[in-house]
**Student:** 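The structure is given below, and queries will be raised subsequently.
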Amino acid sequence: PAVINLAHYQGFPPHWYLWPLVLQDEITITFGDGGSCKSFLALGAAVSLLDQESLLSFQPNGQIRTLYLDWEASPAAHAERLRRMVYPAPVPDIPYLRCHAPLHEIVRQVKRHIAEQQCQAIVVDSIAAACGGEPERAESALRLCNAVRAIGTTAHLIGHQTKDND
């Protein structure tokens, strides 16, 4: 890759898919304590981006589909959250994939699902499980970031404190 001088950069300014949370073609990380509604927030962001409606006070700037990659909960839990979030409106079509292997091992399958579902963004819930190792270790974090970059979409990653940090 070529080095550029940022003082003379004339590219387009960043595009917010969802102000002030999700930047197009970038990685956003939502980090917090367990049980602090991070998954709910990510699901709400996906709904806002799909329906182009302000939900949870976010301002969508474009219509995109998000593939929800989940290592933590069940499809039933997320479907129920989604129903309650949008009630009494119809439940939006949010593609969901229950994951069991680290993200770097399933990049090809994820890219196939993104193409089939016509998605432009992903949610990774959660960082620790998607790493396939200790997220505090540099090699685990780098493997995850490289996998996200290889997928090539806007990404919203969810992380929480490990039990050692409680």
**Student:** Quick one: pull up NE2 in H15 and CD in E26 and give me the separation to the nearest 0.5 Å.
**Tutor:**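 So the gap between those two atoms works out to 12.0 Å.
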**Student:** Tell me whether V107 is reachable from I27 by hopping between hydrophobic residues (I, L, V, M, F, W, Y) whose side-chain heavy atoms are closer than 4.5 Å.
**Tutor:**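 Same cluster: I27 reaches V107 through Ile, Leu, Val, Met, Phe, Trp or Tyr contacts under 4.5 Å.
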**Student:** Grouping I, L, V, M, F, W and Y whenever their side-chain heavy atoms are under 4.5 Å apart, do L142 and V110 come out in a common cluster?
**Tutor:**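 Different clusters: L142 never reaches V110 through Ile, Leu, Val, Met, Phe, Trp or Tyr contacts under 4.5 Å.
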**Student:** Any donor and acceptor pair, going by atom type alone, linking the side chain of S54 with main-chain N or O of Q59 inside 3.5 Å?
**Tutor:**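 The answer is no, because no donor-acceptor pair under 3.5 Å joins these two groups.
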**Student:** In Å, rounded to the nearest 0.5 Å, how long is the span from CD1 of I151 to NE2 of H104?
**Tutor:**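 These two atoms lie 12.0 Å from each other.
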**Student:** Is the ring pair Y68/Y96 parallel, tilted or perpendicular, if the boundaries are 30 and 60 degrees?
**Tutor:**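 If you compare the ring of Y68 with that of Y96, the planes turn out parallel.
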**Student:** Does a donor on one side chain sit under 3.5 Å from an acceptor on the other, for H156 and T30?
**Tutor:**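 The answer is yes; a qualifying pair exists.
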**Student:** Can you check whether W71's main-chain N or O pairs, donor with acceptor, with R98's side chain at less than 3.5 Å?
**Tutor:**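 Judged by distance alone, yes, a pair lies under 3.5 Å.
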**Student:** List the steps, then state whether side-chain contact (heavy atoms from CB on, under 4.5 Å) holds for D70 with L97.
**Tutor:** CA-CA 6 Å; D70 186 24; L97 181 63; over 6 Å; no
**Student:** Test of understanding: clusters of I, L, V, M, F, W, Y form through side-chain heavy atoms closer than 4.5 Å, transitively. Do I94 and L41 belong to the same one?
**Tutor:**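 Looking at the clustering, L41 is in the same group as I94.
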**Student:** Could you tell me the separation between the SG atom of C145 and the CD1 atom of I127, rounded to the nearest 0.5 Å?
**Tutor:**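 Atom-to-atom, C145:SG and I127:CD1 are 8.0 Å apart.
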**Student:** Do Q117 and R65 have a side chain donor and acceptor closer than 3.5 Å?
**Tutor:**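 On atom types as modelled, these side chains qualify, holding a pair under 3.5 Å.
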**Student:** If you round to the nearest 0.5 Å, how far is CD of E105 from NE2 of H100?
**Tutor:**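 Here the interatomic distance stands at 13.0 Å.
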**Student:** Is the closest basic N to carboxylate O distance between K38 and D33 below 4.0 Å?
**Tutor:**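 Answer for the salt bridge query: no.
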**Student:** Would you say L69 ends up clustered with I29 if hydrophobic residues are merged whenever their side chains have heavy atoms under 4.5 Å apart, either directly or through other cluster members?
**Tutor:**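 Looking at the clustering, L69 is in the same group as I29.
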**Student:** Does the T28 side chain pair with the main chain of L21, one donor and one acceptor, at a distance under 3.5 Å?
**Tutor:**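 The answer is yes, because a donor-acceptor pair under 3.5 Å joins these two groups.
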**Student:** How close do H78 and A73 get, counting heavy atoms only, and between which atoms?
**Tutor:**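 Closest approach of H78 to A73: NE2-CB, 3.7 Å.
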**Student:** At what distance, to the nearest 0.5 angstrom, does OG of S140 lie from CD of E134?
**Tutor:**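 If I round to the nearest 0.5 Å, the distance is 7.0 Å.
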**Student:** Would you say Q118 has more than 12 foreign heavy atoms packed within less than 6.0 Å of its CD?
**Tutor:**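 Incorrect, the count does not exceed 12.
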**Student:** Which heavy atom in L67 sits nearest to a heavy atom in C119, and how many Å separate them?
**Tutor:**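 Nearest pair, atom of L67 first, then C119: N-SG, 3.7 Å.
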**Student:** Got a second to check how far C37's SG is from R81's CZ, nearest 0.5 Å?
**Tutor:**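 It comes to 8.0 Å.
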**Student:** Tell me the closest heavy-atom pair linking F58 and P60, and the distance in Å.
**Tutor:**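 In this case the closest contact between F58 and P60 is O-CD, 3.3 Å.
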**Student:** How far apart are the closest heavy atoms of S39 and I158, and which atoms are they?
**Tutor:**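 Looks like CA-CD1, 3.9 Å.
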**Student:** Just wondering, more than 12 heavy atoms not from R112 lying within 6.0 Å of its CZ?
**Tutor:**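 For R112, atom CZ is crowded (more than 12 foreign heavy atoms under 6.0 Å).
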**Student:** Any side-chain heavy-atom pair from I64 and Y17 closer than 4.5 angstrom?
**Tutor:**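 The answer is yes; the side chains approach within 4.5 Å.
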**Student:** How about F31 and H160: are their ring centres within less than 6.0 Å of each other?
**Tutor:**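 That pair fails the under 6.0 Å test.
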**Student:** Looking at every non-hydrogen atom in both residues, tell me the closest pair between M85 and G44 and how far apart they are.
**Tutor:**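 Nearest heavy atoms, M85 then G44: SD-CA, 3.5 Å.
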**Student:** Looking at L50, L49, D51, which hits side chain to side chain contact (heavy atoms under 4.5 Å, CB included) with V47?
**Tutor:**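 Among L50, L49, D51, the one meeting side chain to side chain contact (heavy atoms under 4.5 Å, CB included) with V47 is D51.
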**Student:** Thinking salt bridges, do R83 and E80 make one under a 4.0 Å N-O criterion?
**Tutor:**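 A salt bridge is present here (some side-chain N lies under 4.0 Å from a carboxylate O).
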**Student:** Going through the distances and angles, do E139 and R143 end up as a salt bridge (Lys or Arg N to Asp or Glu O under 4.0 Å)?
**Tutor:** CA-CA 6 Å; E139 60 269 10; R143 216 173 17 243; over 6 Å; no
**Student:** With distance as the sole criterion, is a donor-acceptor pair present between the side chains of T154 and Q24 under 3.5 Å?
**Tutor:**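 Judged by distance alone, the side chains do not pair up.
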**Student:** Which atom pair, heavy atoms only, marks the closest approach of I114 to T153?
**Tutor:**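 Looking at all heavy atoms of both residues, the closest pair is CD1-CG2, 3.9 Å.
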**Student:** Do N146 and V148 have side chains that get closer than 4.5 Å, going by heavy atoms?
**Tutor:**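 Contact flag for N146/V148 side chains = no.
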